[in-house]
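I have placed the structure first, in the form of structure tokens, so that the comments after it can refer back to it.
For this chain, numbers begin at 1 and follow the sequence in order.
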Amino acid sequence: MATTEVERRRGQLAALSIAAVVIIVGVPLWWRTTETYRAWLPVSQIKELAKLQLQLSADVEVVFARGTVTPEQQKKVPLTQTQEEERAIDEDTALRYRYETRYRTATIMEEDALNQPSAAEADLSLHTLSESPCGSLVVYVIPESSSLLPEDVNVYIGQRRTALLRIGPQMRVGKTLEQLLAHLEPRIKQVLQVMSFSHNDITAALSDRVRFSPDNKESIADSMRAFKSSPGYEITFSLLNPDPKSHRLHWDIEGAVQTYIQPLLTKLSPVANFSIDSQTLYYTMLGVNPRFDTSRSAYTLNADSLAHVINPVEARLGSNAASSNPVLNFLLYVPDAQHSPLYIQGRKKQEVPSNAFHSPRWGGIMVYNVNGFYGSEPEFPVDINIDMAKVMGVFLAQLRLLLGVQSSTPPPGFLVARCGSTGLADWELDRLMWSRSVENVATATTTITSLAQLLDQIGNIVINDNIAQQVSSAVTSLQLAVAELEAGNLGFALQYSKEAILASEKAFFDPSLLHLLYFPDDQKFAIYIPLFLPMCVPILLSLLKIVSEARQRRREKQAKKD
């Protein structure tokens, strides 16, 4: 009897020991070795960025030339005024515009520059005196009697970051300085909206985050036409020769790119990196049969049929698989002898002067007729040297549109100087940089917020240290970009916004975050139950038996006491 009691006691101790080892050692060890590693993420900072509160600050310097202010008014100059304007886009997005305007009188050297024969020469002379920093403007107020501007022009916008503003006839000498500034304020704001940024442009840059309002149709069209912001772009020039038996084409594409395209791309280097290549394709047709117009003895392509041109041609262009950057395609199509000359007609059946068209976020196509080179008795194939100045003029205009260089219609009384050899004015670059900075900040914020929500919803995805580092880098760059926009440092804001979008996309598209790499909870149970159930059943039964025997002994003791 004693031996049986000892064996029973030993069995109970063995069962309790095994259960203790499993619970105290086994379960924590299994939990630790099978838990999902999730590095720390700055979730609170990401939530703050989700409510995008942007402030754009622009510095404006207004310089009064001789004859625009009286000696009494001049005593109160220089002075500084600050204006702020806030716009709520939606519940999570708000914009604040801050304009800091400094007023002063012109120096002797600036007066000499303003005495040049023309406004263009004055603009160049003022630029040589001092170069305005990126994102800032200088407005020179000139007297009504100045001969720099034509009679019907009140504001001249040059190629740099300067503008000439003629004082109105109602502001003759005798008014107070406060009245003069109140008169100039709305006109300076017009200059700012043309040369710097406008609310519609900034709203269009937020297209991935907010919905468009129906009152800014022009900005909507510009946003849909231009490529989205990217760290780099691939530009491809293609010469399409569908009839090499009739035409032997020669084009100096390398020299034309260096002369016409490269100056623009060099100036756009703060915005993105560019690479250029070219190719010649033979026996490549447009894929659309042109119609013969008997009244003009020429073939025509209607605007309705232009949409069907892209796909057949694009199949022959090839793709740059080595790069993930967007590709801008520029095609020069020389019609075959049977369909020459070929002209493009617009919506109103009018001939397009450039004989070219562009497709939003894709590229442009120009039709180059060569029937004038045939002569009376042509001998095929005809050697043809393509006029690259004519071709590149069209492609340069299309490139500006596709990159988002907006050339909006100026208000009445404004005269905007033509772009120089670079194809881009300094203020146009600033305008593009404002839009790209805001677009990059909005895109990176949306990406990093979506990633944080995804990782929060799927708790078994591993967050390794590399992803955490990219997320932290994106958040830091976003905070710096927002701060630099608020300070008016446009160049730094664009750089930080580019770093933010690169880091956020690298983290979002990391291969380790693929959901298919991880098992849902029901599959985990299906894996672990066959492993743990055979071991846990005997332990649980032993523990239940021990508990049952303990209760039985307690009842027996209670019965003896009674």
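Residues that satisfy the side chain to side chain contact (heavy atoms under 4.5 Å, CB included) test with Val370, not counting sequence neighbours, are His247, Val334, Tyr368, Phe373, Tyr374, Ile384. Glu61 meets the salt bridge (charged side-chain N to carboxylate O under 4.0 Å, His left out) test with Arg104; sequence neighbours excluded. Remark: Lys189 pairs with Glu85 by the salt bridge (charged side-chain N to carboxylate O under 4.0 Å, His left out) rule, at least two apart or across chains. For Asp426, the side chain to side chain contact (heavy atoms under 4.5 Å, CB included) partners at least two apart in sequence or on another chain are His127, Arg160, Arg161, Lys267. In this structure Arg66 satisfies the salt bridge (charged side-chain N to carboxylate O under 4.0 Å, His left out) test together with Glu111, sequence neighbours excluded.
Taking CG of Leu206 as the reference point, atom CG of Leu95 lies at 5.5 Å (rounded to 0.5 Å). The CG atom of Asp252 sits 7.5 Å away from atom OG1 of Thr259, with the distance rounded to the nearest 0.5 Å. Here the CG atom belonging to Leu432 is positioned 8.5 Å from the OG atom belonging to Ser229, to the nearest 0.5 angstrom. The distance from atom OH of Tyr333 to atom CG of Asn241, rounded to the nearest 0.5 Å, is 9.5 Å. Here the CG atom belonging to Leu268 is positioned 7.5 Å from the CG atom belonging to Leu399, to the nearest 0.5 angstrom. The CD1 atom of Ile235 sits 4.5 Å away from atom CG of Leu265, with the distance rounded to the nearest 0.5 Å.
Nearest heavy-atom pair, Val394 versus Ala356, reported as atom, atom and distance to 0.1 Å: CG1-CB, 3.6 Å. Annotation for Asp383 and His250: closest pair OD1-NE2, 3.6 Å, computed over non-hydrogen atoms. Minimum interatomic distance between Gly135 and Trp434 (heavy atoms only, all atoms of both residues): O-CZ2, 4.0 Å. Pairing each heavy atom of Pro381 with each of Arg248, the nearest pair is CG-NH2, 3.2 Å. For Ser230 against Pro326, the heavy-atom pair with the smallest separation is OG-CD, 3.3 Å. Nearest heavy atoms, Pro143 versus Ala65: CD-CB, 4.4 Å.
Residue Phe414 qualifies as enclosed at atom CZ: its count of foreign heavy atoms under 6.0 Å is above 12. Environment of CG in Asn289: sparse, with no more than 12 heavy atoms of neighbouring residues, nucleotides or ligands closer than 6.0 Å.
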Which side-chain N or O atoms in residues 281-288 pair as donor and acceptor under 3.5 Å with protein atoms at least two apart or in another chain?
unit_1: Thr284; atom_1: OG1; unit_2: Tyr282; atom_2: O; d: 3.3
unit_1: Thr284; atom_1: OG1; unit_2: Arg316; atom_2: NH1; d: 3.3
unit_1: Thr284; atom_1: OG1; unit_2: Arg316; atom_2: NH2; d: 3.4

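Of the N and O atoms on the side chains of Tyr140 and Glu110, at least one donor lies less than 3.5 Å from an acceptor on the other residue. In summary, the side chains of Asn329 and Thr236 do not present any donor paired with an acceptor at a separation below 3.5 Å, with no hydrogens or angles considered. A donor-acceptor contact under 3.5 angstrom links the side chains of Ser198 and Asp201, judged on distance only. Judged by distance alone, the side chains of Ser57 and Glu486 never bring a donor and an acceptor atom under 3.5 Å apart.
Side-chain contact between Lys228 and Arg361 is present, with heavy atoms from C-beta onward closer than 4.5 Å. Using a 4.5 Å heavy-atom threshold, the side chains of Ile276 and Gln262 count as touching. Proximity of Val155 to Val194: side-chain heavy atoms (C-beta onward) are nowhere separated by under 4.5 Å. A heavy-atom distance below 4.5 Å is found between the side chains of Ile261 and Phe237.
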Self-check item: Test salt bridge (Lys or Arg N to Asp or Glu O under 4.0 Å) applied to Arg436 and Glu439, step by step
Solution: CA-CA 5 Å; Arg436 292 301 194 196; Glu439 181 182 353; 3.2 Å; yes

Exercise. Start with the C-alpha gap between Leu403 and Phe227, add the side-chain angles, then the distance that decides, and say whether side-chain contact (heavy atoms from CB on, under 4.5 Å) holds.
Key: CA-CA 6 Å; Leu403 291 178; Phe227 277 85; 5.5 Å; no

Quiz item: Hey, mind stepping through Gln495 and Glu484 against side chain to side chain donor-acceptor pair (under 3.5 Å) and telling me if it holds?
Solution: CA-CA 10 Å; Gln495 182 62 34; Glu484 295 297 343; over 6 Å; no

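Not a single donor-acceptor pair under 3.5 Å links the side chain of Arg98 to the backbone N or O of Ala487. Under the 3.5 Å distance criterion, the side-chain polar atoms of Ser497 are matched with a main-chain donor or acceptor of Leu494. Of the possible donor and acceptor atoms, one in the side chain of Asn355 sits under 3.5 Å from a partner among the backbone N and O of Val367. Put simply, the side chain of Asp123 gets close to the backbone of Gln159: a donor and an acceptor are under 3.5 Å apart. Proximity of a side-chain donor or acceptor of Arg400 to a complementary backbone N or O of Gly423 within less than 3.5 Å is detected. A distance-only check finds no donor-acceptor pair linking the side chain of Ser305 to the backbone of Leu301 [under 3.5 Å].
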